[in-house]
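Chain naming here is simple, since letters A, B, ... match the order of the sequence lines and numbering starts at 1 in each.
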Amino acid sequence: MKGIILDMTNKYSNIKKDDFKSYATTLRSNMCGELNFGMVDSKVKLCGWVNKRRDHGKLIFIDLRDFSGLIQVVFDANINEASYSIAKEIRAEYIISIEGTLKARTAETVNRDLATGDVEVAADSINILSRSKTPPYALDERDRVDEMSRLKYRYVDLRTEDMQENLRLRHKVSSTTRQYLNSNGFIEVETPILAKSTPEGARDFLVPSRLNPGNFYALPQSPQLYKQILMFSGFDRIYQIARCFRDEDLRADRQPEFTQIDLEMSFVSVDDVIKLIEGLITKIFTEVLGMELALPFKRLTWRHSMETYGTDKPDLRFGMQITDLTDIFKNSQFNIFINVLSRKGVIKGLKVDDGSQFTRKDLDDFVYTAKKYGAGGLIWMKVESNNVLNSPVAKFLTDGEKQLLIERLDLHENNLVLIVADQFLKTCSALGVLRNYLGHRLNLIDLDAFNFAWVVDFPLFEFDDREKRLSPMHHPFTSPSPDSMDMLDMEPLGVKSLAYDIVLNGNEIGGGSIRINDIELQKKIFKILGFDDKRIEDNFGFFLRALQYGAPPHGGIALGMDRLVMIIGRLESIREVIAFPKTQSAYCMMTESPSVVTEQQLSEVSIKLSPIKKRDQE
RNA sequence: GGAGCUGUCGUCUAGCGGUUUAGGACACGUGCCUGUCACGCACGAGGUCGCGGGUUCGAAUCCCGUCAGCUCCGCCA
């Protein structure tokens, strides 16, 4: 049963009952959730929310709630008429204080479903501290209520056990992180929120400057350059739990403002950063979840991850790896294969052990999915008895090719094979999406598992199809790896970087790199990215000047804290771990933000609006 | 920019062209009730079906548009 009863055995609710002593105030002596049989007969003063009122005529029960739990309070008209009559007008979510005596419940009236169910408070007096309108929904209805009204009445939603747990979990992750980094020589340094716009990467949120008409700050997409400059300044190790802002479209795991565990270290290699973060993650899992993780985490090269799992954030909780089939079809007479191979494409396949359950519609959906993710198409083959391949394209394959395919994939009756032939990245990623889908659909995934991995040896650049130029795979301050540095001029797409991502259950939860600390190399990278001198000076002049005054070798990483907490808490959306999140259109249902501002406010910052359609003003 | 799903009392929902003056449950209000903890019983109030237009003798129900929410693609160095 999932109610508002706070389950003190819950793994996240390990608030020690001893701790409650320090919560006593002038208004209360104890917390609701700490009361127990050993305290029977003591006088208590409690404050809290009315979770539920049960009126039996001359007898009223109130379940009083604070963050620690629930306690039943009893009002008896024959014993205390005055407080009984006040209790009569109490309603759900009223905030009251009561004084009374803790009593043991009789054997017949003990409630085993309630942590404090063997005791109750006989009330001597009651005070209404704050009245409440009838709440928009009862707290224990939360999991059935539409998210729209939960966001509108977020102050009510946050009272629920789930949200209390989620934000306490988040707090434990951030406080454990601070302790760990503090004890490893890091200091926490704050950097500006009103920062400089460097229009590269995500879209900036802009803030007009009243004192500098026509000029704008940008909210930081990350504190990257500040972190690096603090290294130039000799702090050696800094971190911050940093708010970052990116004006891009939202997803279940993306908010316009989000929190990174962001750190930078001097005189380090890739291994140093990885080791530090493995220590951090291990500590978080031990202290927050009481769970031991095996170290070191698995490391995959980017290339291997793409080839085997079809993504740079592989879900290693299940197998079903992608197999290369290109060589089998090198002399194929099948037109699709001929075309792909002539353009240096690849042919890869995915074997599904239990393929018999898929209908023709499922197979059509797989084709649609493959196309949606950029592949030209998808070929499916069902393996029937005697290893006969049932497929629309079977007639285009030779017996030899079929035999090689059967051997390569170790095919048996009822297997399903999905084959994509296209350019390397498109082929891999289409199969990767299908692999993830099938992993879930076929229940191949242990949902209790936490499977970490590092992905390393990323390419330094990727080709931006839209802009028709190179763009950095990580960011433009990432160091090329020394062994591929000499390819920068002739074959930049072949250059590897000293970047690394940390992946958890198929989610990228962080990424970082060893940075460039040589001004000439940094300028060269900007040039390769197609920045002209003016652009370099306008956007990064300050940074290049800083590089001129001595910059140590350094590197760092940023972990997406919201995402990490979401996964640890086994939640479906990042909004569940953010106190006041925004909707998919970046709107806050509670504060009704963003909103229009006055003409005067606009003119103070020298802004004139062009006519645009506005969000409905109710 | 695009695709899909959703939108009926406070909440969750039934209804999917005429027996609907839109039904139920929970919540809410009034009354009764001394042991409940999903309290119980009785009575009552509450929605015109996101919004706009169209089709039709007739629309919550069909069509078009639009708004909002969610999921996804693009986007997110």
Side-chain angles (χ1 to χ4, degrees), chain A residues 1 3-5 51-63 70-79 84 91-93 105-106 108-114 116-117 120 122 133-153 156 198-204 221-222 224-225 244-256 258 368-369 371-374 433 437 460-462 464-467 470-478 497 499 508 511 513 525 529 531 539 560 572-573 575 582-585 587 589 613-618:
Chain A
M1 196 195 90
I4 185 56
I5 297 160
N51 198 61
K52 187 88 183 183
R53 171 173 157 280
R54 289 178 296 278
D55 186 341
H56 286 251
K58 293 285 177 267
L59 188 68
I60 295 174
F61 300 100
I62 283 176
D63 291 338
L70 286 181
I71 182 75
Q72 175 166 279
V73 184
V74 188
F75 298 86
D76 190 326
N78 294 328
I79 294 173
Y84 166 83
R91 293 294 181 271
E93 298 307 307
R105 296 204 199 182
T106 62
E108 314 82 73
T109 60
V110 165
N111 182 355
R112 294 285 161 218
D113 296 330
L114 190 62
T116 60
E120 64 191 10
K133 289 178 66 174
T134 302
Y137 57 90
L139 266 55
D140 59 6
E141 289 182 314
R142 174 182 192 265
D143 50 1
R144 283 180 281 135
V145 172
D146 192 88
E147 192 177 7
M148 231 190 294
S149 55
R150 288 175 32 211
L151 290 176
K152 180 170 179 183
Y153 301 99
V156 173
T198 55
E200 180 62 17
R203 210 171 280 116
D204 282 326
Q221 295 178 25
S222 92
Q224 184 57 37
L225 292 177
C244 304
F245 306 86
R246 293 178 193 174
D247 189 5
E248 296 294 345
D249 287 2
L250 282 63
R251 289 286 190 283
D253 63 352
R254 274 170 22 194
Q255 282 274 305
F258 59 98
Y368 174 81
T369 300
K371 285 182 175 168
K372 182 167 149 187
Y373 284 84
V433 169
Y437 170 79
L460 187 63
F461 304 109
E462 60 190 336
D464 184 329
D465 281 329
R466 239 173 15 136
E467 304 275 333
L470 294 175
S471 73
M473 197 129 184
H474 185 53
H475 59 48
F477 318 105
T478 298
S497 74
E508 181 199 327
S513 63
I525 297 291
L529 292 170
F531 299 178
N539 288 334
E572 295 292 317
S573 157
R575 297 184 296 276
K582 293 182 176 57
T583 67
Q584 196 161 53
S585 53
Y587 185 75
M589 298 291 249
K613 67 168 184 181
K614 289 178 209 150
R615 190 187 172 102
D616 273 359
Q617 302 292 312
E618 308 233 349

List every contact pair, protein side and nucleotides 43-45 of chain B side both N or O, where the distance is under 3.5 Å.
none

Scan A:R251 against the nucleic acid and name what it touches under 4.0 Å (heavy atoms): base, sugar-phosphate only, or nothing. base
Run the side-chain hydrogen bond (donor to acceptor under 3.5 Å, both in side chains) test against A:E147 and tell me which residues pass, sequence neighbours left out. A:R575
Can you tell me the distance, in whole Å, between the CD atom of A:Q584 and the C1' atom of B:rC5? 12 Å
Strictly below 4.0 Å: does A:S149 bring a side-chain N or O up to OP1 or OP2 of B:rG10? no
Does A:E467, at its CD atom, have more than 12 non-hydrogen atoms belonging to other residues, nucleotides or ligands within less than 6.0 Å? yes
For B:rC39, take OP1 and OP2 only and decide whether either is under 4.0 Å from a side-chain N or O of A:K52. yes
Atom-pair distance (CG on A:N111; P on B:rC37), nearest Å: 9 Å
Watson-Crick/G-U partner (both atom distances under 3.5 Å) of B:rU11: B:rA25
Pairing partner of B:rA68, by Watson-Crick or G-U wobble and under 3.5 Å for both distances, is B:rU6
A:P472 near the nucleic acid: base, sugar-phosphate alone, or nothing, with a heavy-atom cut-off under 4.0 Å? sugar-phosphate
Under 5.5 Å between ring centres and under 30° between planes: does that hold for A:H56 against the base of B:rC39? yes
May I ask you to say what A:Y373 touches in the nucleic acid, namely base, sugar-phosphate or nothing, with a heavy-atom cut-off under 4.0 Å? sugar-phosphate
Under a 3.5 Å cut-off for both contacts, is B:rG40 paired Watson-Crick or G-U wobble with anything, and if yes, with which nucleotide? B:rC32
